[in-house]
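Residue numbers start at 1 and run along the sequence shown.
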Amino acid sequence: MTRRTGPETLRRAASPARLLALAVLPALLPALFLSVLAVPGARAAESAPTVSLSKKEAGMGGEITVSGKGWRGEALLMLLLCGQATPERGVIGGTNSCANGAGRAVTTDEKGAFSKRLPVAEPPEPCPCVVHVATVTGEQASADAAFTVAGHPTAELPRGTGGGKLAVLAATRLEGDSSLLTWFGAPPARRLVFTVGNLGPAPVEDPVFEIGTAHGVYAPQWEERQWRGTVAPGARARIALPVELSAGAHGDYQISLRYGKKVLAEQPWGVGRPWGVTLFWVLLCLVVPAAVFRIGMAVVDRIRPRTVGAHRTAGARPGPAVSKGLPRRTTPVARTARSAAAGDADATTAVLPWFTPDSAPSENRPRPTTKGQA
């Protein structure tokens with residue numbers, strides 16, 4: 001009986017190699033899995049923004065050099081010296097705890113690096129202090145570096161602010177109405193009302209929120225709003241924060257609410273056009289030319305030349321025209337002696353009788369005769 005070779009024979013010959021590969025593969029899978037996870041983590045660590053300082057301590061009036069790497073290319077950054085902050089917990093009180101007057105702005109290069117000299121000033125809050133670097137526009141990113149201001153007071157950080165976690169539980173809304181002044185260009189104002197709940201194990205005291213206003217394609221402009229109160233663990237609170245736009249603002253706006261580095265809610269706001277300003281300019285364009293015209297006419301009337309004798313007849317009123325060759329008709333207005341003496345108010349005026357040409361006394365009187373007439 002002859003022995004046949006075929007696929008079945010080949011599979012039998014390769015079975016020991018397959019068994020060896022199957023035995024080694026489970027041992028290699030964890031190593032491969034860890035290598036895959038390690039690469040993105042290393043890339044993320046390399047791309048995370050960092051801040052370094054030339055000095056760790058300096059007194060007021062000094063100067064330090066702040067350097068950074070891993071930032072977005074050609075990004076505008078803000079450098080501030082803040083109190084009541086640590087790199088682990090960040091700036092607790094927001095930019096209100098920073099020396100804003102001594103802050104500096106810098107733009108990163110194409111590789112995301114920068115170097116800028118920062119004057120040392122005393123922040124409004126006690127140390128521990130940090131040099132806070134954050135982006136101004138675009139994607140939000142920040143980093144802190146510990147720093148000590150020599151001679152500045154030091155105090156402990158507030159307790160119970162690290163374990164709290166706020167979340168919006170209901171839809172946000174804008175409350176308030178526009179006044180008559182808003183129709184004439186006054187800044188529109190509303191109140192952003194929302195309900196938050198504390199999902200963390202520790203209470204949150206006096207949280208600092210950020211209100212961002214965006215118009216069109218522009219990035220939102222953030223302003224800090226601090227709410228006075230405490231949100232206990234598992235409790236909720238209704239918060240109302242003021243929102244105000246610039247004078248004469250109109251169009252579609254987007255109001256954003258941010259706590260920490262997380263945007264909690266967004267609310268659209270349509271602002272009407274201030275038609276009172278348009279009406280004012282229309283009236284101004286009509287009244288000013290009319291006033292200039294009246295003033296010009298008055299000036300022309302004063303400086304124009306006048307004819308001789310015009311001032312004598314300027315106030316005289318023209319009388320009725322008198323026909324040439326006709327005798328003037330006069331009306332006697334003398335009162336009788338009796339009515340004048342008696343003072344009678346109903347006395348009549350004596351009027352001479354009129355005569356016709358045929359009955360005139362001169363026509364009926366005989367003409368005188370002369371000598372020699374018969």
Check against side chain to side chain contact (heavy atoms under 4.5 Å, CB included), T107 and L77: CA-CA 6 Å; T107 303; L77 305 180; over 6 Å; no
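- In this structure, the side-chain contact (heavy atoms from CB on, under 4.5 Å) partners of V66, at least two apart in sequence or on a different chain, are V51, L53, I64, L79, F114, L118, V131, V133.
- Using a 4.5 Å heavy-atom threshold, the side chains of V130 and P87 count as touching.
- Between S246 and P187, every side-chain heavy-atom pair lies at or beyond the 4.5 Å cut-off.
- Here the side chain of T108 pairs a donor or acceptor atom with the backbone of A75 at under 3.5 angstrom.
- When hydrophobic clusters are built by joining Ile, Leu, Val, Met, Phe, Trp and Tyr residues whose side-chain heavy atoms come closer than 4.5 Å, directly or via intermediates, V292 is grouped together with L284.
- Contact detail for S67 and S115: the closest heavy-atom pair is OG-OG, 3.6 Å.
- Rounded to the nearest 0.5 Å, atoms CG (L81) and CE (M60) are 10.5 Å apart.
- Per the SG-SG cut-off, C82 and C98 are bridged by a disulfide [distance under 2.5 Å].
- In this structure, the side chains of T213 and W269 stay at 4.5 Å or more apart for every pair of heavy atoms.
- Nearest heavy-atom pair across N198 and A232 is CB-O, 3.2 Å.
- Of the inter-residue distances, the one linking Q267 atom CD with Q254 atom CD reads 8.0 Å to the nearest 0.5 angstrom.
- The NE2 atom of H132 lies 6.5 Å from the CG atom of L80; values are rounded to the nearest 0.5 Å.
- With rounding to the nearest 0.5 angstrom, the OG1 atom of T182 is 10.0 Å from the CG atom of D177.
- V204 and I211 fall within the same hydrophobic cluster, where Ile, Leu, Val, Met, Phe, Trp and Tyr residues are linked whenever their side-chain heavy atoms come under 4.5 Å apart, directly or through other members.
- Sorted by first and then second residue, the salt bridge (Lys or Arg N to Asp or Glu O under 4.0 Å) pairs with a member in residues 70-88 form an empty list; sequence neighbours excluded.
- Between T135 and W71 there is a side-chain heavy-atom pair separated by less than 4.5 Å.
- If you chain together hydrophobic residues whose side chains sit under 4.5 Å apart, F280 and L181 never meet in one group.
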L264/F194 under side chain to side chain contact (heavy atoms under 4.5 Å, CB included): CA gap, chis, key distance, verdict: CA-CA 10 Å; L264 301 181; F194 56 95; 5.6 Å; no
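- Side chains of L157 and Q84 form a contact here, defined as non-hydrogen atoms less than 4.5 Å apart.
- For E57, the side-chain hydrogen bond (donor to acceptor under 3.5 Å, both in side chains) test picks out no residue, with sequence neighbours left out.
- A donor-acceptor pair under 3.5 Å links the side-chain atoms of H152 to the main chain of E125, judged by distance alone.
- With sequence neighbours left out, the side-chain contact (heavy atoms from CB on, under 4.5 Å) criterion links R258 to Q140, E210, W222, V263.
- Closest non-hydrogen pair, A237 versus W227, comes out as CB-CH2, 4.0 Å.
- For the pair H215 (side chain) and D252 (backbone), a donor-acceptor distance under 3.5 Å is present.
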Test log, rule side chain to side chain contact (heavy atoms under 4.5 Å, CB included), inputs Y259 and V168: CA-CA 10 Å; Y259 179 70; V168 175; over 6 Å; no
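- D206 meets the salt bridge (Lys or Arg N to Asp or Glu O under 4.0 Å) test with R228; sequence neighbours excluded.
- Residues satisfying the salt bridge (Lys or Arg N to Asp or Glu O under 4.0 Å) criterion with R191, sequence neighbours excluded, are E175.
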Verdict with reasoning, L174 to L192, per side chain to side chain contact (heavy atoms under 4.5 Å, CB included): CA-CA 5 Å; L174 292 171; L192 183 64; 3.7 Å; yes
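- Side-chain atoms of R104 do not come within 3.5 Å of backbone N or O of R117 as any donor-acceptor pair.
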